[in-house]
*Asks:* 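Take this structure, written in structure tokens, and hold onto it; I'll ask about it next.
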Amino acid sequence: MRLQFSLRVISISAAILWNSSISQAEPVPVETIRQLTDDNIRQSIALYRELLSLPNDANYPDDISEMLDWMEESFEARGFASQRIPTDGSDLLLAERHVSDAAKTVLVYLQSDGQPVDPSAWHQEDPYTPVLKARNEDGVFERVPWDLLDRRFDPEWRVFARSASDSKGPMTQFLIAIQLLDE
């Protein structure tokens, strides 16, 4: 199985959340959102790539524990207090961020563990090593070097890795969105 995730979605989603979360301010102009996206695309992809590199097969508690360590650090760096909640399986992570005298509460659920993976079914060395790919003239995705991002960005490129779209993509989007809100 190959999961792909559009690179631009990470920053765009962060910008949209940033725009929609400002309850008392004027709407943010579309050009400002585009600039915010462009200014943060490489940082967003770097964080995404880092998270994708962490194995998250729920059958391996040590891997889940290591990923929880990464999540705790990432949420705490963005002003969240976190605590692990023990279960019969792997621990859960509750991350809370209180806003002084906020009248409303927002609950966001993010999944981090994944289904078992068969590495032999992947067209790359390791499903937990993110690979950047572009379509060739025949429409087939082929690997391209990550350092291309230093020179240009193509929104048609895709990142292939386990849990790229079904759990780690939304988590990265959320973390970047909170960071941009704070900035």
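Computed from a predicted structure; not experimentally measured.
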*Asks:* Test side chain to side chain contact (heavy atoms under 4.5 Å, CB included) on Lys168 and Met67 and set out the steps.
*Replies:* CA-CA 11 Å; Lys168 294 179 178 178; Met67 190 177 54; 4.1 Å; yes
*Asks:* Any non-hydrogen side-chain atom of Phe80 less than 4.5 Å from a side-chain atom of Ile178?
*Replies:* yes
*Asks:* Does the Arg78 side chain pair with the main chain of Ala177, one donor and one acceptor, at a distance under 3.5 Å?
*Replies:* no
*Asks:* Hey, quick one: are Leu180 and Val106 part of the same hydrophobic cluster, counting side-chain heavy atoms closer than 4.5 Å, chains of contacts allowed?
*Replies:* yes
*Asks:* What distance do Trp146 atom CH2 and Leu132 atom CG have between them, rounded to the nearest 0.5 Å?
*Replies:* 5.0 Å
*Asks:* Roughly how far, to the nearest 0.5 Å, is CG of Leu36 from CD of Glu183?
*Replies:* 8.0 Å
*Asks:* Check Arg84 with Asp69, please: is the shortest side-chain N to carboxylate O separation under 4.0 Å?
*Replies:* yes
*Asks:* Might you point out which heavy atoms bring Lys133 and His123 nearest each other, and give the distance in Å?
*Replies:* NZ-O, 3.6 Å
*Asks:* So Phe174 and Phe75, would you call those rings parallel, tilted or perpendicular, with 30° and 60° as cut-offs?
*Replies:* tilted
*Asks:* Between the side chains of Arg135 and Asp154, is the shortest nitrogen-to-carboxylate-oxygen separation below 4.0 Å, so that they form an ion pair?
*Replies:* no
*Asks:* Can you list the other members of the hydrophobic cluster that holds Ile85, where links are side-chain heavy atoms under 4.5 angstrom apart?
*Replies:* Leu92, Leu94
*Asks:* Where do Ala134 and Trp157 come nearest, in terms of heavy atoms and distance?
*Replies:* CB-CD1, 3.4 Å
*Asks:* Using atom types as modelled and distance alone, determine if a side-chain donor or acceptor of Glu31 lies under 3.5 Å from a backbone N or O of Ile33.
*Replies:* no
*Asks:* Go through the structure and list residues passing side chain to side chain donor-acceptor pair (under 3.5 Å) with Asn136, not counting sequence neighbours.
*Replies:* Glu142
*Asks:* Donor-acceptor check, side chain of Arg42 to backbone of Leu149, threshold 3.5 angstrom: yes or no?
*Replies:* yes
*Asks:* Is a salt bridge present between Arg143 and Glu125, judged by a nitrogen-to-oxygen distance below 4.0 Å?
*Replies:* yes
*Asks:* Pair Tyr128, Val117 - check side chain to side chain contact (heavy atoms under 4.5 Å, CB included), show working.
*Replies:* CA-CA 10 Å; Tyr128 295 110; Val117 62; 3.6 Å; yes
*Asks:* Do any side-chain atoms of residues 52-61 form donor-acceptor pairs under 3.5 angstrom with protein atoms, and if so which ones, sequence neighbours left out?
*Replies:*
from: Ser53; atom 1: OG; to: Arg49; atom 2: O; distance (Å): 2.9
from: Asn56; atom 1: OD1; to: Ser163; atom 2: OG; distance (Å): 3.4
from: Asn56; atom 1: ND2; to: Ser112; atom 2: O; distance (Å): 2.9
from: Asn56; atom 1: ND2; to: Ser163; atom 2: OG; distance (Å): 2.9
from: Asp57; atom 1: OD1; to: Asn59; atom 2: N; distance (Å): 2.8
from: Asp57; atom 1: OD1; to: Asn59; atom 2: ND2; distance (Å): 3.4

*Asks:* Transitively linked via ILVMFWY side-chain contacts under 4.5 Å: Leu181 with Val108?
*Replies:* yes
*Asks:* To the closest 0.5 Å, what do you measure between CZ (Arg162) and OG1 (Thr129)?
*Replies:* 14.0 Å
*Asks:* With heavy-atom distances below 4.5 Å as the criterion, would you say the side chains of Arg158 and Phe141 are in contact?
*Replies:* yes
*Asks:* Please give me the minimum heavy-atom distance between Ser44 and Thr172, naming the atom from each residue.
*Replies:* O-CG2, 3.8 Å
*Asks:* Can you measure from CG (Asn40) to CG (Leu47) and round to the nearest 0.5 angstrom?
*Replies:* 11.5 Å
*Asks:* Does a sphere of radius 6.0 Å around CG in Asp101 hold more than 12 heavy atoms from other residues, nucleotides or ligands, not counting ones at 6.0 Å or beyond?
*Replies:* no
*Asks:* About how many Å separate CG of Asp113 and CD of Gln115, when rounded to the nearest 0.5 Å?
*Replies:* 8.0 Å
*Asks:* What heavy-atom pair brings Val159 and Pro130 nearest, and what distance separates the two atoms?
*Replies:* CG1-CB, 4.0 Å
*Asks:* List the steps, then state whether salt bridge (Lys or Arg N to Asp or Glu O under 4.0 Å) holds for Arg97 with Asp182.
*Replies:* CA-CA 12 Å; Arg97 183 168 152 171; Asp182 288 342; 2.4 Å; yes
*Asks:* Could you give the distance from CG (Leu175) to CD (Gln179), rounded to the nearest 0.5 Å?
*Replies:* 8.5 Å
